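Contents: one structure, followed by commentary.
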Amino acid sequence: MKKLFNLLFVGLLSAWAATSQAGTNRVTNEPDSVYLFSYSHRNGSGGLRFAWSADEHRWFSVADGFAYVNSDFGPWGRAKKMFRPHLMQSRVDGRWHCVWAATETGKAWAYVSSPDLQKWGRQSYFAPSDLDKFVPGDVYPTLEKTALINGVEQDGWVQKVAYGTVGQLIRYAEHKRYRASQNAERMAQDPVRFAGLEALQATVTLKPEKSKKISGHLTGIFFEDINYAADGGLYAELIQNRDFEYAPADRGNDRNWNSTHSWALTDASSATFSVETLRPLHPNNPHYAVLEVKSAPGAGLVNGGFDGIAVKKGEKYDFSLFGKVLEGKGGKVAVKLSDKDGTVIGQASVTITSKDWKRQKAVLTVTADRTDASLGIYPQEAGKFALDMVSLFPQSTFKGRKNGLRADLAQALADLHPRFVRFPGGCVAHGDGVDNIYDWKGSIGPLEARKPLRNLWGYHQTRGLGYFEYFRFCEDIGAEPLPVLAAGVPCQNSGTCAHHSTDELTCMGQQGGIPLEEMDKYIQDVLDLIEYANGDARSTEWGKKRAEAGHPKPFNLKFIGIGNEDMITDVFEERFTLIYNAVRQKHPEITVIGTVGPFHEGTDYEEGWKLATRLGVPVVDEHYYVEPGWLIHNQDYYDRYDRRKPKVYLGEYASHVSGRRNNIETALTEALYLTSIERNGDVVLMTSYAPLLAKEGHTQWNPDLIYFNNTEVKPTVGYYVQQMYGQNAGTEYIPAEVSLSNPSDAVRKRIGVSVVKDDAGDYIVKLANLLPVKVSSRVKLEGISPAGASASATLLAGNPQSEEVKPVSSSFVVEGQEFGYEMPAYSFTVIRVRQGENRHE
C-alpha cells in the first residue's frame with residue numbers, strides 16, 4: 001500500500017506533460033490535455049466511469065456515465081460491486097491499470113488492465129496485503145479528489161491525459177449504444193419503420209457449383225435441470241422427496257424445505273413420523289422415514305407428488321420402497337392412490353417384516369383419470385417401520401424403459417430430431433461452489449446408492465435421471481451424447497465457500513477451483529467417464545459397470561465438453577489445460593469442446609478464444625441470450641470467423657424480450673439467424689436452444705422451448721422453428737443469390753434464405769420473412785434437375801406477438817426448373833423438394 005501512495009507525488013508535472021500529447025488532427029481551439037476523473041458510485045454499483053475537466057473545477061460526464069468496465073467478483077444479483085477504483089497508467093508502455101475494493105468491507109480487492117480504457121483483460125482478485133503485487137511501479141502519479149458530476153459528489157482519482165483520449169472514450173460508448181439501439185429494435189416499431197412499404201418480389205437463384213459440406217450435427221438439444229425439468233418433469237418418478245433427502249440448504253436455508261417435505265401424517269393421534277440417520281440404506285442416502293404406528297389400521301404417510309400426482313384410468317404404476325421393522329413384528333402395508341376427495345382409485349399391498357432393509361414392490365392399476373391424486377402408505381399392524389426410496393412409476397415410460405422418462409415430454413424432444421443431446425448442464429454441471437460440482441459417478445448405479453445434490457437453481461436433485469439414463473435416451477432417439485463436465489472450477493457466480501472456507505475472498509470470488517493436489521483424481525474421473533461410455537464390458541472397470549446397469553454395448557461417445565461459460569481466469573486456464581491435455585493424450589478419438597464465456601463479446605470471450613487457439617482445442621462452446629434485433633443485425637457474425645481456428649458449438653442461445661415467453665417475433669428472428677448458421681455450417685458444427693423445459697408454476701427462467709404441467713406438454717412457437725430445422729437438416733449447403741425489388745439495408749436484413757441438401761438427395765429451401773408485407777418469390781433450381789418432383793411446404797406465420805401458433809403443411813409439384821412461392825408477412829417456410837426414389841411421394 002505504501003508504494004502505491006508514494007507514487008502520487010513523484011514527478012507530477014513531468015508526468016502530466018508526458019501524457020498530454022495532442023493529436024496531429026487536433027482542432028486548434030481544443031485543449032492539448034485535460035483532467036480525467038475515474039470513479040464508481042459510492043454504493044459500488046455502475047462500474048468504472050469517467051468525467052473530464054479543463055480546469056479541475058467544472059466536470060463533464062464522459063458519455064453520460066457509460067460504464068467502461070464492471071467488477072466480475074461475486075455472485076450475480078448480490079455482489080458485482082466496485083468500490084473506490086484507482087486508475088493508473090504505465091510510464092513505459094502506456095497501459096492502464098485499475099484496482100478497486102471488490103467488497104464493501106475491503107477484504108477482497110480486484111485488478112484489471114487495458115491498453116486503451118476500452119478493451120479490458122482478465123480480472124484478478126486478492127487480499128489487501130497483496131495489493132503491491134498488482135500495482136506496477138512505473139505509473140504516472142494520480143491525485144485523490146471529490147468532484148461534482150451531474151450534481152452528485154463522487155470520489156475518484158484524477159490525472160492528466162491527452163484530450164484525444166476523451167474523444168476515443170466517447171466514440172467507443174456511442175458505438176456501443178448504437179449497437180444496443182439496433183438490438184432493441186422490435187417488430188412493434190415496424191408500422192413506422194416500414195410505412196409505405198409495398199409487397200416485394202424476390203428471386204432466389206441457386207448456385208450448386210459453389211456448394212460446400214456442412215456439419216451433420218447442426219441442430220441438437222441442451223438439457224439442464226432448471227425449472228423442474230428433471231424431477232417432477234422429464235424424469236417419470238411421481239413421488240416428491242422419495243429419498244427424504246431434501247435439506248434447507250437446497251433452497252438457501254429454507255427450514256420448510258427439509259427431509260419431511262411433501263410428506264404428511266394422516267392421524268397424529270395414533271402415529272408419529274420422524275426422520276432418522278442411524279444405519280441408513282446407503283451412506284449416499286443417509287436419511288429415512290420412521291413411522292411409528294400405535295394402533296392400526298388407520299394412520300399412514302401420504303405424499304402428494306409434484307403439484308399432485310397425475311394418473312390415467314387403466315394404466316399400471318410400479319410401486320416400490322425399501323423398508324425394515326424397527327420395533328414389533330411388522331406385517332402387511334396397504335398402498336393406496338386416492339383423489340382429493342379421499343376416493344381410492346388404485347391400491348395394492350406389500351409386506352415389511354425384515355429387520356434389515358428389503359425392497360418391496362407392487363403394481364397399482366388406476367380406476368379413474370385424476371390430476372390431484374396422492375399416495376398413502378398404511379401399515380396394517382402396530383409397530384415402528386423404517387421407510388426409504390418410496391417410488392411410484394408409470395409403466396408407460398418413453399420406450400417402456402424402467403426408471404425411464406415421461407413419455408409425452410420425451411417424445412416432444414424426440415420429435416425435434418436432435419442430432420445430439422448436451423447434458424447435464426449448463427450451470428448445474430459446474431455447480432454452486434466446489435463441493436457442488438456435478439460428479440457423474442454419483443449419478444449412476446442403483447438408485448438407493450446415488451448421491452443426491454443440491455440443485456444450483458434452488459431445489460433438490462435425486463439424480464434418478466443420471467448419466468446412464470442420459471446416455472440411454474440419446475441412443476433411443478438416435479442422437480449423439482454430449483456430456484459436459486466442469487473444468488475444475490465451479491460456476492463463476494457461486495454463492496458458497498469452496499471447502500467451507502470462511503474467507504471472504506474464497507467464499508465470494510471466482511478463485512475457488514478444485515485444489516491442484518486433487519486435480520489428478522478429478523482428471524481420472526473425466527477419463528473414467530469416457531471408459532464408462534465406450535469401454536469394453538468385460539475388460540474395463542467402468543465398461544463393466546455400464547454392462548451391470550443393463551447396457552453391455554458401448555454408447556459410442558464422440559464428444560465431451562469441458563467447462564461451461566466460465567470466466568477465463570488463471571485458475572480456470574490452469575485446470576482446463578490439465579484436463580484437456582490428459583483427454584487428448586489418452587483419448588485422441590474424442591472431440592473436446594471448450595468454452596469461451598457467457599457472452600458473444602467481452603473479456604471472457606476474447607480470453608477464451610486465445611486459450612482455445614493456443615491449445616488447439618477443436619471446438620469451443622459459445623453462449624448468448626440476446627434481443628431480437630441482435631439476431632437481425634448480426635447475420636454476418638460467423639461469416640467473419642477464421643476457418644483455421646477452432647470450430648464453434650453455439651451451445652446456448654435464444655432471442656428474448658424482458659423474460660417473456662417466446663412468440664412469433666422471437667421465433668422468426670431465430671429462424672432468420674439460423675439461415676446464417678446453415679450458411680456457416682462449415683465453422684458452426686452444433687447449435688442448441690436453451691433452456692429446453694419449464695414446468696408451469698416453477699419457471700425460473702423465460703423464455704423456454706417447452707412449457708408443461710403434470711398432464712400437458714405445451715410447445716412454443718420457438719419449438720416449432722427448432723423442429724422445422726431439425727426435421728429438415730442437410731449436410732451440403734447450396735449458396736443462393738437473392739435479388740429483392742427493394743434492396744434497402746433494413747429490408748435486406750429481414751429476408752433470410754438457406755438451401756441445403758440432405759443425405760437422401762432432397763433439396764430443402766428455408767425462407768424467412770420478417771417484414772410486415774408479403775414477398776412473392778421465384779426460386780430458380782437450374783442445375784439440380786427437379787422438374788416433376790413433389791414438394792412440401794411447412795409454414796409458420798402469425799402476428800409478431802402471437803404465442804399460440806403452429807406450422808401448417810401443404811404439397812405441390814415442381815413443374816419446371818423453378819417454382820414460385822409467396823412468403824406471407826412475418827413467416828418462416830421450409831420447402832422440401834424430393835429427389836430420386838421419393839420424388840413423387
Side-chain angles (χ1 to χ4, degrees), residues 1 4-5 8 36-52 59 61-88 96-114 117-135 142-159 169 173 176 180 252 432-433 491-497 501-512 567 569 597-599 602-604:
M1 292 288 288
L4 173 63
F5 294 105
L8 300 181
L36 184 69
F37 182 80
S38 53
Y39 69 99
S40 67
H41 291 309
R42 287 177 174 173
N43 65 4
S45 66
L48 181 65
R49 301 165 183 245
F50 298 115
W52 71 274
W59 291 93
S61 174
V62 173
D64 297 320
F66 182 85
Y68 287 85
V69 65
N70 290 285
S71 179
D72 238 335
F73 181 86
W76 278 325
R78 288 184 288 156
K80 308 294 187 192
K81 297 294 182 73
M82 177 182 287
F83 299 94
R84 304 179 297 279
H86 187 173
L87 182 71
M88 299 155 281
W96 295 90
H97 305 268
C98 187
V99 294
W100 65 91
T103 59
E104 196 165 7
T105 64
K107 293 181 180 179
W109 278 64
Y111 164 83
V112 71
S113 68
S114 169
L117 298 177
Q118 298 162 40
K119 287 190 175 183
W120 297 83
R122 300 183 189 183
Q123 294 184 12
S124 299
Y125 310 106
F126 53 92
S129 57
D130 292 328
L131 182 62
D132 286 354
K133 298 178 183 178
F134 291 89
V135 178
T142 54
L143 293 175
E144 193 170 12
K145 187 177 181 66
T146 298
L148 193 67
I149 314 295
N150 293 334
V152 178
E153 278 196 347
Q154 304 287 358
D155 302 317
W157 296 85
V158 66
Q159 56 205 292
L169 289 170
K176 287 290 186 180
D432 185 15
C491 178
Q492 62 264 34
N493 295 292
S494 292
T496 58
C497 302
S501 169
T502 57
D503 176 67
E504 185 175 38
L505 183 65
T506 303
C507 288
M508 295 186 63
Q510 287 76 35
Q511 302 299 299
M567 287 184 63
T569 62
F599 306 112
T603 300
D604 297 317

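Sequential numbering from 1 along the given sequence is applied to the chain's residues. Because the structure is a prediction, the values reported are computed rather than measured.
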Check: M82 and V69 side chains under 4.5 Å, non-hydrogen atoms:
yes

For K145, check salt bridge (Lys or Arg N to Asp or Glu O under 4.0 Å) against everything at least two apart and list the hits.
none

All ring pair (Phe, Tyr, Trp, His ring centres under 6.0 Å) counterparts of W59, not counting sequence neighbours
F37

Specify whether F126 and F134 have parallel, tilted or perpendicular ring planes, treating 30° as the upper limit for parallel and 60° as the lower limit for perpendicular.
parallel

I'd like to check the side-chain hydrogen bond (donor to acceptor under 3.5 Å, both in side chains) partners of R84; sequence neighbours left out, ordered by chain and number.
none

Do L117 and L169 pass the side-chain contact (heavy atoms from CB on, under 4.5 Å) test, and can you show the C-alpha distance, the side-chain angles, and the key distance before you say yes or no?
CA-CA 7 Å; L117 298 177; L169 289 170; 3.7 Å; yes

Please identify each residue that fulfils side-chain hydrogen bond (donor to acceptor under 3.5 Å, both in side chains) with S114, with sequence neighbours left out.
D116

With S45 via side-chain hydrogen bond (donor to acceptor under 3.5 Å, both in side chains) - residues at least two apart
N43

Restricting to non-hydrogen atoms, name the atom on V112 and the atom on G121 that form the minimum distance, rounded to 0.1 Å.
CG2-O, 3.3 Å

Residues A102 and A110: closest non-hydrogen pair is CB-CB, 4.3 Å

By ring pair (Phe, Tyr, Trp, His ring centres under 6.0 Å), which residues pair with F50, not counting sequence neighbours?
Y68

Minimum-distance pair of heavy atoms, taken over all atoms of K81 and W100
O-NE1, 3.8 Å

Once rounded to the nearest 0.5 Å, what's the spacing between atom SG of C491 and atom CE of M567?
10.5 Å

Could you tell me which non-hydrogen atom of G46 sits nearest to which non-hydrogen atom of A67, and how far apart they are?
O-CB, 3.1 Å

As an exercise, state the distance from CD of Q159 to CE of M88, rounded to the nearest 0.5 Å.
9.0 Å

With sequence neighbours excluded, residues passing side-chain hydrogen bond (donor to acceptor under 3.5 Å, both in side chains) with S40
none

Closest heavy-atom pair, L36 versus L87, reported as atoms and distance to 0.1 Å, is CD2-CD2, 4.5 Å

Restricting to side chain to side chain contact (heavy atoms under 4.5 Å, CB included), what partner residues turn up for D155, sequence neighbours left out?
R42, T146

Backbone N/O of W120 and side chain of T603: donor-acceptor pair under 3.5 Å:
yes

Shortest non-hydrogen contact from P598 toward D604:
CD-OD2, 4.2 Å

Which of these, Q123, K80, R122, Q492, sits in a side-chain hydrogen bond (donor to acceptor under 3.5 Å, both in side chains) with D72?
K80

Salt bridge (Lys or Arg N to Asp or Glu O under 4.0 Å) partners for D130, two or more places apart:
K133

